[in-house]
There are 2 protein chains.
Amino acid sequence: MSQPISIRQQSSVAKTSCLHCSLSNLCLPLALDDSDLSQLDEVVSRDRVFSRGELIFSQSTPFRSCFAVKSGAVKTSIITESGDEQITGFFMPGELVGLDSMSDEAHASTAKALERTNVCEIPVDRLEELVHVLPGLQHHLFHLMSQEIRNSHQLSVLLSKNTAEERIAALLLSLSSRFKRRKLSSTHFNLPMARNDIANFLGLAVETVSRVFTRFQNQGLIRARGRDIELLELEALQVMALGNSQP
Amino acid sequence: MSQPISIRQQSSVAKTSCLHCSLSNLCLPLALDDSDLSQLDEVVSRDRVFSRGELIFSQSTPFRSCFAVKSGAVKTSIITESGDEQITGFFMPGELVGLDSMSDEAHASTAKALERTNVCEIPVDRLEELVHVLPGLQHHLFHLMSQEIRNSHQLSVLLSKNTAEERIAALLLSLSSRFKRRKLSSTHFNLPMARNDIANFLGLAVETVSRVFTRFQNQGLIRARGRDIELLELEALQVMALGNSQP
DNA sequence: CGTAGGTTTGAGTCGGGTCAAGAAATGTGG
DNA sequence: CCACATTTCTTGACCCGACTCAAACCTACG
C-alpha cells in the first residue's frame, strides 16, 4: 500500500527517480527545481529494502549515508551508557533518517525497520559535494536539521510537562497529521509500532500506555483494536494534548 | 572573568577578531584555516552586550542571525501552546545559539541572557552565502547542528528514564565538562542559572531541585552555597548520573 | 533597611511505576 | 491447517518518588 507513483512500474518495488517520486515534495520540498532534482537523483541509491526488525544502521558504526523512507516505517534509538534503549523518533515515508549524525564519524543512533520498509540511501560525502553547487539544497538541509532539533525539543516538553494521557494524545495526533500529509486518512490508520515502542518513546511503562488506550476508548475518543486505530474525537484529543497547565 | 584573549585589549569589552578569539576553537573548531576565519570575521558583528534577563531574540520573531556566546551564559526556551515555558538549553561561552531556527522564517525559541553576556551576531543570509565557498564551514555547521540534535536526544533520555538525583548529577557534570573545556576549574564554579531554571530544564519542581542539592551536600558529594558549587566526588556523581537501570 | 525574588524545609497526596498473571495475537513446524 | 510456543497486550493490586501546598528563611538590590 501507498506505493510511490512511478513511470515504469517494474516488479513489486517501484524504481522511481526523485523527479517522479510522489514523496519528493516531502523529502525535498519546493526548494529544488527539476534540474536540481535530477542531479540529486544520481547520488541516491534506491530500492534498499529492509524487513521488519532489520537494522538500517546502528550506533557507533561509521556514518556514510542518510536514508529517506519511501514506504514502511523506521524507529531510531540510542543506547545509553547504562545500557537501556531510548527511542528518539519514528520516521514515516517522506522523512529523512540519520540527520543526527551529519558530518560525524559514527552514527549517534540506531535505525530499525518497524515493518517492511523501502528506503533511498543518500551517501553524505556525495550529498555534501552536491550541496556546494545547489544553494537550494543547502538551505533545505539546514531546514530539515533545524526541524529535527525542534522535534526533539517538542519531545522534551512532552516528557517533562505532560501527563501520560497528554503524551499519548499528542503522539496519536502527530501520526495523524503525518498520514494526512501523505493524503491518507488522518482518522483511521495502523500504528507501525508496538505498545512497547510507544511506551519507550514517551517515557512511560507499557502498562500505562495500555491503560490509557482503553481509557480513551471508554471515553469514546478513539477506537483501538490492536494496532488498528480510529480517532473519533479529533478536537477532544487536541484539547487533551495541549495539557491543562494554567486553565 | 573569563575574557577572551585579545590583541588590543580596549575598554572592558574585547574587540577580538575571530582569528584571535580564544574561543574560536570551540565556536568554529579546527575546520577553518586562517584565511577562512578572516572571511567569516567580516560577516560577524561583535560586541553585542546583553545584561541579565535581557532577550537576545524571541520566539516567532523573524529569524536573521545566530549568536555565538563570548562571555556570560544564555538560556533558550520555548513557550508551549498551553502557555508554559520549557527551557531547551543552556549556552556557555564558545557555544552557538539559534541553530534550531536555521533556514526558518521565525525563531523557534527565545534566548535570554542569564547574566551579563557578550555575543557575536552572525547573520544567516551572509552565513549561508559564505558556506558556499567554504566547504569546511559547511561541514562544521552540519556538525554543530547534528550535535544539537544529539544534545536534545540526551535531554529526552534524561527526562524519560532518570530520577531527580540522576538528572541533577548529569547537569552538574555537563556544566563541569564545559567549564573544563574552557580551561576553567571543572570542580568549582558558579551556576549561571537559578534553581528555577534548573528545575524547568530537568522537568522537576523547584523544591525537588533544592532537596536534591541538600541531599548531595549531606552525602558529601558537593558543597553548595547558593550558586557557588564545588564538586567533591566527581566519580560518585558520574556513577549516579548513569542511573541504576539494570545493575 | 525594607521588600521581592530566590531558596530551603515540611507534610500530605497521587500519578504512574513495579510486580504478577491472564488474554490475545502472532509465529513455527509438522 | 492445526497444535503449540512465543511474543505482545491488557488488567489488577500495591507502592514510591516527586508534585503540591504552605510557610519560613535568605540575599540582593534599589
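Here is the naming used below: chain letters follow the sequence lines, and residue numbers restart at 1 for every chain.
The separation between B:Phe216 atom CZ and C:dT7 atom C1' is 17 Å, rounded to whole Å. Between the CZ atom of A:Arg225 and the C1' atom of C:dA23 there is a distance of 16 Å, given to the nearest Å. Note: CZ (A:Arg195) to C1' (C:dA24) measures 12 Å, nearest angstrom. Note: CD1 (B:Ile198) to C1' (C:dT8) measures 14 Å, nearest angstrom. Summarising the geometry, the separation between CG on A:Asn196 and P on C:dA25 is reported as 18 Å, rounded to the nearest angstrom. A straight line from CZ of B:Arg227 to P of D:dA28 spans 10 Å, rounded to a whole angstrom. Atom CG of B:Leu191 and atom C1' of C:dT7 are 13 Å apart (whole Å). Across the protein-nucleic acid pair, A:Asp228 atom CG and C:dT26 atom C1' stand 16 Å apart, rounded to whole Å.
In summary, the side chains of A:Arg178 and A:Ser174 do present a donor paired with an acceptor at a separation below 3.5 Å, with no hydrogens or angles considered.
Both tests pass for B:Arg195 against the ring of B:Phe213: distance under 6.0 Å to the centre and angle within 45° of the axis.
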Going 5' to 3' through nucleotides 15-20 of chain C and flagging B where a protein heavy-atom sits under 4.0 Å of the base, S where only the sugar-phosphate is that close, and - otherwise, we get -SSBBB
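Between B:Thr214 and the phosphate of C:dT9, there is a side-chain N or O to OP1/OP2 separation shorter than 4.0 Å.
Taking the six-membered ring for Trp and thresholds of 30 and 60 degrees, A:Phe50 and A:Phe67 have ring planes more than 60 degrees apart, a perpendicular arrangement. Note on ring orientation: taking the six-membered ring where Trp is involved, the planes of A:Phe63 and A:His107 are perpendicular (angle over 60°, cut-offs 30° and 60°).
Comparing A:Gly226 and B:Gly226 by the nucleotide of DNA chain C whose heavy atom lies nearest to each, the residue mapping closer to the 5' end is B:Gly226.
Screening B:Leu204, B:Leu155, B:Leu159, B:Asn200 for a side chain to side chain contact (heavy atoms under 4.5 Å, CB included) with A:Ser160, the sole residue that qualifies is B:Leu159.
Residues passing the side-chain contact (heavy atoms from CB on, under 4.5 Å) test with A:Arg211, sequence neighbours excluded: A:Glu207, A:Arg215.
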